[in-house]
Structures are given as structure tokens and as C-alpha cells.
Amino acid sequence: MTIDRYNARAAEIRWQQAWDTQRVFVTRNEDPRPKYYVLEMFPYPSGRIHMGHVRNYTMGDVVARYKRARGFNVLHPMGWDAFGLPAENAAVANKVHPRTWTYENIATMKAQLKSMGLSLDWSREIATCDPKYYKHQQKMFLDFLAAGLVERKQSKVNWDPVDQTVLANEQVIEGRGWRSGAPVEQRELTQWFFKITKFSEDLLTALDRLDRWPEKVRVMQRNWIGRSEGLHIRFALDPATTPDGETELEIFTTRPDTIFGVKFMALSPDHPLALSAAARNPALATFIAECKRTGTAQELIEKAEKLGFDTGIRAVHPFDPAWKLPVFVANFILMEYGTGAIYGTPAHDQRDLDFSNKYGLGNTPVVCPEGQDPQTFVITDIAYDGAGRMINSRFLDGLSIADAKEEVAKRLEREVRGNHPVAQRQVNYRLRDWGISRQRYWGCPIPVLYCASCGVVPAPEADLPVTLPDDVEFDRPGNPLDRHPTWKHVDCPRCGGKATRETDTMDTFVDSSWYFARFTDPWIESQPTDRMAVDAWLPVDQYIGGIEHAILHLLYSRFFARAMHATGHAGVDEPFSGLFTQGMVVHETYRTSSGAFAAPAEVKIEGAGDARRATLVETGEPVEIGPIEKMSKSKRNTVDPDDIIGAFGADTARWFMLSDSPPERDVIWTEEGVQGAWRFVQRLWRIVNDAAQFSENAPTARPHAFSEAALEVRKTAHRALAKVSEDIERLRFNVCVAHIYEFARSLQAVVTDSPKPVAPDLKFAVREAAEILVQLFHPMMPHLAEECWAALGHKTLLANQGWPALESDLLVEDTITLPVQVNGRKRADVTVARDARNVDIEASVLALEAIKRALDGKPPRKVIIVPQRIVNVVA
RNA sequence: GCGGACGUGGCGGAACAGGUAGACGCAACGGACUUAAAAUCCGUUGGGGGUAACCCCGUGCGGGUUCGAGUCCCGCCGUCCGCACCA
């Protein structure tokens, strides 16, 4: 009998329909089995899925299908991060409404995802642009507002001049907008903020408990939160030098130990004292204006030279009333951090030293490194920030840095001026509140009103959702909501007078900060979450997505979980107990002689190694093979998942995405790799069919005894089962793939090489092995697995089948083969009984020809036997 | 500058917890089948030496610990990523 080639296209559609009709992947909240929530970061509906999606969703699907087989009630939902700027850009470019554009994209991408055969519960699908979703987001905004977790304040914001909107600090990358890439400017605006800083300490310390997160991500978040302990000190100002009404200057320092090395004070150009001093000093006012000018582009600030201006004001040293310090305005002092003012200790801070050297303020070293002579220790160009003993510091001399910090804090805390202590210990964070106002149409409206007499008024809950108007124009830059003739004009719900709506919408990162909670009960209309459901399902057991969200999305979601907890919408603080960040899909780039990029589909490759040459298919023009880079439209090195699925089927694409590269690293998409995956699909199909034929009429009951050959088949199968199970648990999919290749190859050898007729026990063993093989690759290639399962005579869906039971007895061998080393070099193998005594092992080892030769007739000095592992003979 | 990760054949990579380095795949080469090709199957493939049994070298470089080091320690070199005037 000849076996037809496996027709992936036809089979895949058939099995997808079968899963659909039988509602296999629809999850019930009432299901009593233990829960497992696996989630991949939901996509932005940009138009079509790309290979990055294929990789991400395949990994999630492997975990979901595996856990389902292991008996868990698996929640594996999907939705759409559907608000955002590209929809508006499309509206400008193509005169299509953002909603239309978005939903058309969703339809396309949903069909593409379905063609991948993912075990998703589509009944829970949500789109964040749906008023049924953002209604609840508005409700939570109001709850957060009432709970003091939202505030409206004026602040300097990052303004993206291309997108014409505000960006959060996290969205500014190297001084440029994360989406537009335009240099970001600073502007003063009144904005809505989520008070993420209220949770700074908890967001930081809780990272230690996220032991199933990549260390890299935790480090990045730790740095981002940027906790530092220090002292808040009030310096008195010399009245003779100070503008009216000003008496003191507050600073924050993490190095109070260096207080006797201080040479100057420096203020941010935005500092109130700087401004009041500027009011009577035109030159200073000019300097400040200058700072702000260079300060419009973040990029320039970072490269700018340190500049200062002496205000003429003098501060008084807290330990010496006679010691006066010049107060400068300096361009490198940030108003947003600490108090916006510092004291400068040039010897021990590089920035202060640069500044001091420029303005001739000198420096006095106050920390002397171990082994240095304090008399000769001088600082010229490089500040010293290491450990050491205090010098030149009066009562601190001889103390360690830590003791000196403590001593200064103690003394200044005790000292009182104007009923307040002169200094207080303080913890500062780099983390800022999350500004969420965006001057955009296609986002969730912020549900507040402004009334001339009542001020800021929250929208009444009965009016939620505050929906977006449909009739908007995108013919001009700026926010269409603001220009809309009627939308923003409403009556004040408090006084009935005239009021206007907030026309800013929320940052789309708000939408994605709680979708994982909504998935647990997306049907409930009365509230954002059903507490029974959300508390039962959260946290997400395994979250999978790109490293690019290490800070933004993941930190916001952690904040949201806490805020939802505080307002009664959820019972957990951490949304994701397990996190995995997968690598990118990369591909070679191709350039024609004109410098234009060519797409892989347009290029023909010939030769191998150094002789590899590329030409354009159409013209035969030679093409330069360029570096391997992340697949992107601009470099045209993308491969369309539809093309791959069309040509080879989803299973081939899925298998290739899991092969070779470790999941956290980048994977290089190659035509050869796809071909290899496709060949293996066909090979599996043949092996399973051959095995089915081989084991025809196999006994259904397990034989009492097995021949050596049959036993070997069973051992191989169960060893593979053990390894693959373990490696799926550890998300080491590339290693799973290798084990499956190995197992398949050995099963194939048994089926081809065994003499006929076949004994019943071997039939049984081969049949068992074939079933295990199919079940092992099922999470990775579900369609092929169903087809094979049917070929093995099963009438039920493999998707509903449990994971095979491991017979661990089969993993234990009666005899073991140990490598034998002489002086750490392998010389031979020795096969002994598993429980052989060491003396017997030693005797067998020393009897080996190769060992005798290596010892050259001399007795060994020592024989080291590591049980079950290795023997080393020391000559 | 600060912080982190990594460095293994021609390539992607494997090696539990200090115990046989190079699993598995790709590419390449040789062979079988075929009129031929495709497809499939089998074999070889870190470097060097030897007819062979076998021997020597080998996990970025230099040291160290150990019976034994890809793995641990110290010092370099290189690559990638994140943060970047945060006082």
C-alpha cells in the first residue's frame, strides 16, 4: 500500500472546523479542574499578522495545548489592542474612518490567526475600541480618581511634534518619540496623571517575588523605578544676598557624608528661587531663557555642556555659619527630581567636578581611598566615588562613608530651625507619575467635564460610556474631538450650567493594562470585572511577549493590578506570575545596485557558503546579500505568514518557529529551514502510517512480557516522553524539537528494519510508541497530529486527549554504561549492573585493555567512581 | 559612563547540579533507487597525525581551583541589549 503525501492545506482546514464545531477550546469558568491562564500579548490590528506574531502565538499555543492535555482548565483568550494612532494616520491618508479601518484589519488578522490552528477561546474576544470595553475603563478611571490615584496637574511634558501629542517618559527613547522617531520637545500642559508613584516602593520590592520573570526584565524595572536613599537638607540663605521672601534652599543628596567637600549650590533653571532671583537680574533671566531654548529638544540636553550662572545668592553651611556657598543656576539640574536643587561636591561627583573646573570653584577631597595618603590625595579631572575613610571633614574624619552619612543625618535631624528639623532622611524615586492625556481622537475618552462654576466634574456613571462621535474630520493636524462642533458641549451634571468635555483621550497603554483581567469574564456589563472570575483566574500563569514591553506595558499593568485591587476590581497585585520574552524573527536583507531593498519573494538564491549569489527573479539583476535584521516593512525583508501557510501549511510554520533557536533568542528565517520543517511533516506522516500498518491487529491488552526489541521500543518512547514533557515545562521548545526528531528517527528504524512476521508484543510496543510520538508533537503541530491520530484508528479528537502516562520504570536500566577516564581523558566505556558495588566496578575498569595500556603496567594512584555517572582513574 | 547578557564545528544550536564536548537541525560531500530529475532512503562531516588499533589538539584569550572545567574563581578581549546629567 502506498501512502499519499500529507495534504496540509486540506487537513488543516478540516481539523480547524472540527475543533470549532465541537467548541473544544471554549473555556468555562465553572470548570472545577485546576486553572491555568496562558496569554500572549494581544496584537495591534495593524493590517496583517507578521512572523513575530506567528512565533509568539505558537509558543503560547504549545503551552496551552500541553497544559490542557495535562488536565488543567486552560484559559487562552485573544483580543485586539485596537485604539491608536495608525488608525488616524490611515484616516488622513485614505479617507477611511478609524473604526472601519480597525475592524477591517481585525477581520483579516482574525482569519489569519484562525488559519494557524491556535487553541484560542474566541468567545472571549475583546477589542479595546469597543465601547463595551472602554466603558469599564472609564468607570475605573472614575474609581481611581475617587481613590486619589488620578490627578490633574500642570507639568512639563514630552511633546511629539509629528504625532502632535504628549508622550510618557517611558515612550521617549533616546530623546525621540517611540512611534514617530521625531525629536521630543518640552511643553507645559495640564494633563491627567495616574499616580503610579504611590506604588513605587511596592512595585520595586515585589519584583523580588516574581521569580518566574526573566532577571533582565526585573533589572530593567528596578533601574527604571530608581530608588535612592538620602538626606533632605535645608540650607539657610544669607539674607544680604537673597531676594525678598526667600530664606532657605532645600536640597536632596545621597552623599551627606561629603558635606565638608561642598563648593557650591546649584538650582534647576525652573527652580522658584532661580525665577525670583531672575526677576531682579536681567542677565540671569537671559541665561535661564537660554537654558530653556536648548532645553526644547531632549536630545540636545543630553549632549549639552554644563553651564551655570552665579546668582549672587550665598547659602550658609549647616555646620559652619561663617562658611558661605555660591548659589548657581545650572542647566544640568532637573526640576523633576528631588527638590530641583543640589549641593556640589566636586571631588566625589564627576558632574560637579566638571562644573567646578569650568568655573574655578576648586575641590576638597573628603573621602580617601584605602592605601592612599590623605596628605597627597588630590583630585584633578576624575572624581572619586569609591570607598574610603573620611578626611578634611572635622568631626567626621576617620569614619567610614556609611558612618559619616549616619552621623550627618543624626546631627542635622536633631537641629531645629523654625520648628522644623534642618534635615530629614528621604527616599527618592526616578519613577514619575504616568501622564495619560493624549490629544487624539482614536482613544478612550477621559470621562470628565469642565464647568465654569463647578470646576472639574467627573462624568456621572449613568452616562458611561462617554463614546466617541462618528462624524469627525482628519483634514487638519491636532485633535478632531477638540474641533468637533457639538460633541464637547454639555450641561454640567451638578449645576446644569454650560460645561465642556475633556477632549483628550487616554494613552493606549491604559487599554492594555487590564485586558487580561477583562478576559476572565468579558460578558459582564455592570462592572469591569466579575470578582469571582478575576480572582479565580489571575494571575496569568504564563505571559508571553516581546522584550520591548519590559518596562512600559508590564509596569503599567502591575500598577493597574494594584489600583484595581485598591478600588475593589481585583484581588491580586501582580498580574503575571510567569513571564517569557521571546526573541524576534530576523531575515537576510537584499539590496539591488540602485540601493533599493528587494523582498525575499523577489530574490532567487543560488550556491552555498561563500559562493551564495542572489539575483532578482524578474530581471536576473544581481542583488547584494545584506546583514540579517529584524523583519520590517522598511527593509522589505518580511515573509508573509499567509504565503508560508498557503504553501506548506500552518504546522510547518509553527514547527520551524520552534526549531533550532532557543525561544528567548532571535530566530533566523531561512528558506532551507522551512523546507526542513516541511520535509519532517511529511516524514512524520509516513512514519505514523508505516507504524499503523506495522502494528495492524496489535493486541489491545498489554502483553505480560516483552521481548528485548519490544522493550527497547518502549524505553525509547518513554524516555522521549519524559524529556519532551520536561522541556515544554521549561519552555525549551528547540530542545523538544530535537528530542522529537530523535525519537521519530528511531521509531522509523524499528518499523523498517524489524523482521517479518512481527510478534504481537512488538506490534503493541510500536503502536504505543507511535501514539506517544503523535501526542508529543501535537502541541507544536496540532493538525498533523489529529490526522495521524485518526490514521492510528482513533475516532475522537486528539485535542481532547490527555497527556500520555509516563511509566518511569522504563527509564531505569538494569545495566549502565559508564565512561572511563584516565586523568580526566576518556579512554573506554564499562558496562556494569546498575547497583554494582564500587569494588566490582573498579575491578572491571582495571581489567579493560585500554586502561591497562594507559596505566602502562603501573598501579593506579586513585580510582574515583561517581555513582551512575563516570569513573576516573588517576595514574 | 552605569547596569545586564552572551562568546561552543561551515551555520542555528545541545550538554541536569563540575563528570563522555559538538545531541538535533541546516548546509556540504559520497552512495542507493530512477532512462533522467524531483521526492525518498543510507553514510560521512571540529582540526591534525597514522595502513590500522589508536594518538595529539580543541568550547574568545591568559592564569587558577579540582581526580576531572564549556560549566567555578581572577584578569583581559569582543559582541549585543537596557539606562543615561536622577544629585
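Lettering of chains follows the sequences in order, A, B, ..., and the numbering in each one begins at 1.
Comparing the C1' positions of B/G64 and B/A69 gives an interatomic distance of 11 Å, to the nearest angstrom. Comparing B/C54 with B/A5, their C1' atoms are spaced 42 Å from each other, to the whole Å. One P atom belongs to B/G1, the other to B/C55, and the distance between them is 50 Å to the nearest Å. B/G58 and B/A21: their C1' atoms are spaced 9 Å apart (whole Å). Nucleotides B/C24 and B/G31, compared at atom C1', are 23 Å apart to the nearest Å. Taking atom C1' on both nucleotides, B/A36 is separated from B/A32 by 15 Å, rounded to a whole Å. The gap from the P atom of B/G3 to that of B/C76 amounts to 14 Å, rounded to the nearest Å. Across B/U59 and B/G46, the matching C1' atoms stand 11 Å from one another, rounded to whole Å.
For B/G25, neither phosphate oxygen OP1 nor OP2 lies less than 4.0 angstrom from any side-chain nitrogen or oxygen of A/Y741. Between A/R827 and B/C55, a side-chain N or O to OP1/OP2 separation shorter than 4.0 Å is present. At the phosphate of B/A14, OP1 or OP2 sits under 4.0 Å from a side-chain N or O atom of A/N734. For the OP1/OP2 pair of B/C83 and a distance below 4.0 Å, the side-chain nitrogens and oxygens of A/R430 include no atom meeting the criterion.
Among the atoms of the strands shown, base atoms are found under 4.0 Å from some heavy atom of A/V866. Residue contacts for A/R825: at a heavy-atom cut-off of 4.0 Å it reaches the sugar-phosphate backbone alone, with no base atom in range. Within the nucleic acid shown, A/I333 comes within 4.0 Å of at least one base atom, counting heavy atoms only. When heavy atoms are screened at a 4.0 angstrom cut-off, A/Q821 is found touching base atoms of the nucleic acid. Here A/G338 lies out of heavy-atom contact (under 4.0 Å) with every strand. A/S659 comes within 4.0 angstrom of no nucleic acid atom, judged by non-hydrogen atoms across all strands. At a threshold of 4.0 angstrom between heavy atoms, the contacts of A/T670 with the nucleic acid are absent. Within 4.0 Å of A/N872, counting heavy atoms only, lies at least one base atom of the nucleic acid. When heavy atoms are screened at a 4.0 angstrom cut-off, A/R222 is found touching no nucleic acid atom at all.
Distances from the side chain of A/R679 to the nucleotides B/C67, B/C26, B/G3 place B/C26 closest. Minimum atom distance to the side chain of A/K826 is reached by B/A21, of the listed B/A21, B/A14, B/C67. Side-chain proximity of A/P819 to B/A14, B/U20, B/C83: nearest is B/U20. With B/G3, B/G13, B/G25 as the choices, the nucleotide that has an atom nearest any side-chain atom of A/S661 turns out to be B/G13. Considering only the side chain of A/V874, B/C67 comes nearest among B/C24, B/A87, B/C67. Residue A/Q748 has its side chain nearest to B/C41 when only B/C41, B/C26, B/C83 are considered. The side chain of A/N223 has B/G3 as its nearest neighbour among B/A23, B/U20, B/G3. Checking B/C41, B/A39, B/G12 against the side-chain heavy atoms of A/D660 singles out B/G12 as nearest. Of the candidate nucleotides B/A39, B/A87, B/G13, B/A87 has the atom lying nearest to any side-chain atom of A/T253. Side-chain atoms of A/F332 lie closest to B/C85 of the nucleotides B/C24, B/C85, B/C26.
Base pairing annotation: B/G30 forms a Watson-Crick or G-U wobble pair with B/C42, both donor-acceptor distances under 3.5 Å. With a 3.5 Å ceiling on both atom-pair distances, the Watson-Crick or G-U wobble partner of B/C6 is B/G78. With a 3.5 Å ceiling on both atom-pair distances, the Watson-Crick or G-U wobble partner of B/G1 is B/C83. Taking a pair to require two hydrogen-bonding distances under 3.5 Å in either a Watson-Crick or a G-U wobble arrangement, B/A53 remains unpaired.
A straight line from CD1 of A/I870 to P of B/U66 spans 19 Å, rounded to a whole angstrom. When rounded to the nearest whole Å, the span between CD of A/E742 and P of B/A15 equals 12 Å. Atoms CZ (A/F328) and C1' (B/C85) sit 17 Å apart, rounded to a whole Å. A straight line from CD of A/Q682 to C1' of B/A39 spans 10 Å, rounded to a whole angstrom. In this structure, A/F680 atom CZ and B/C26 atom P are separated by 10 Å, rounded to whole Å. A/N823 has its CG atom 8 Å from the P atom of B/G68, to the nearest Å. Remark: P of B/G13 and CZ of A/F656 are 12 Å apart, rounded to the nearest angstrom.
No more than 12 heavy atoms of other residues, nucleotides or ligands lie within 6.0 Å of CZ in A/R861, so this atom counts as exposed by the packing criterion.
Residues A/R686 and A/R683 are in side-chain contact: their nearest non-hydrogen atoms beyond the backbone lie under 4.5 Å apart. Residues A/I401 and A/V367 are in side-chain contact: their nearest non-hydrogen atoms beyond the backbone lie under 4.5 Å apart.
Look at B/G70: its glycosidic torsion is beyond 90° from 0, and that puts it in the anti range.
Nearest-nucleotide assignment on RNA chain B puts the 5′-proximal partner with A/R730, out of A/T817 and A/R730. Between A/V667 and A/T254, the residue anchored closer to the 5' end of RNA chain B is A/V667, taking for each the nucleotide with the nearest heavy atom.
Between the side chains of A/S228 and A/Y337, at least one donor-acceptor pair of N or O atoms lies under 3.5 Å.
Under the 3.5 Å distance criterion, the side-chain polar atoms of A/R55 are matched with a main-chain donor or acceptor of A/G583.
A cation-pi arrangement is absent between A/K306 and A/F355 under the rule of less than 6.0 angstrom and at most 45 degrees off the ring axis. A cation-pi arrangement is absent between A/R5 and A/W685, since the terminal nitrogen or guanidinium carbon is not both under 6.0 Å from the aromatic centre and inside a 45° cone about the axis.
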> What do the steps show when you test A/I342 against A/T253 for side chain to side chain contact (heavy atoms under 4.5 Å, CB included), and what is the final call?
Replying inline: CA-CA 7 Å; A/I342 60 142; A/T253 180; over 6 Å; no
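Using cut-offs of 30° and 60° for the angle between ring planes, the A/Y359 and A/F328 rings count as tilted.
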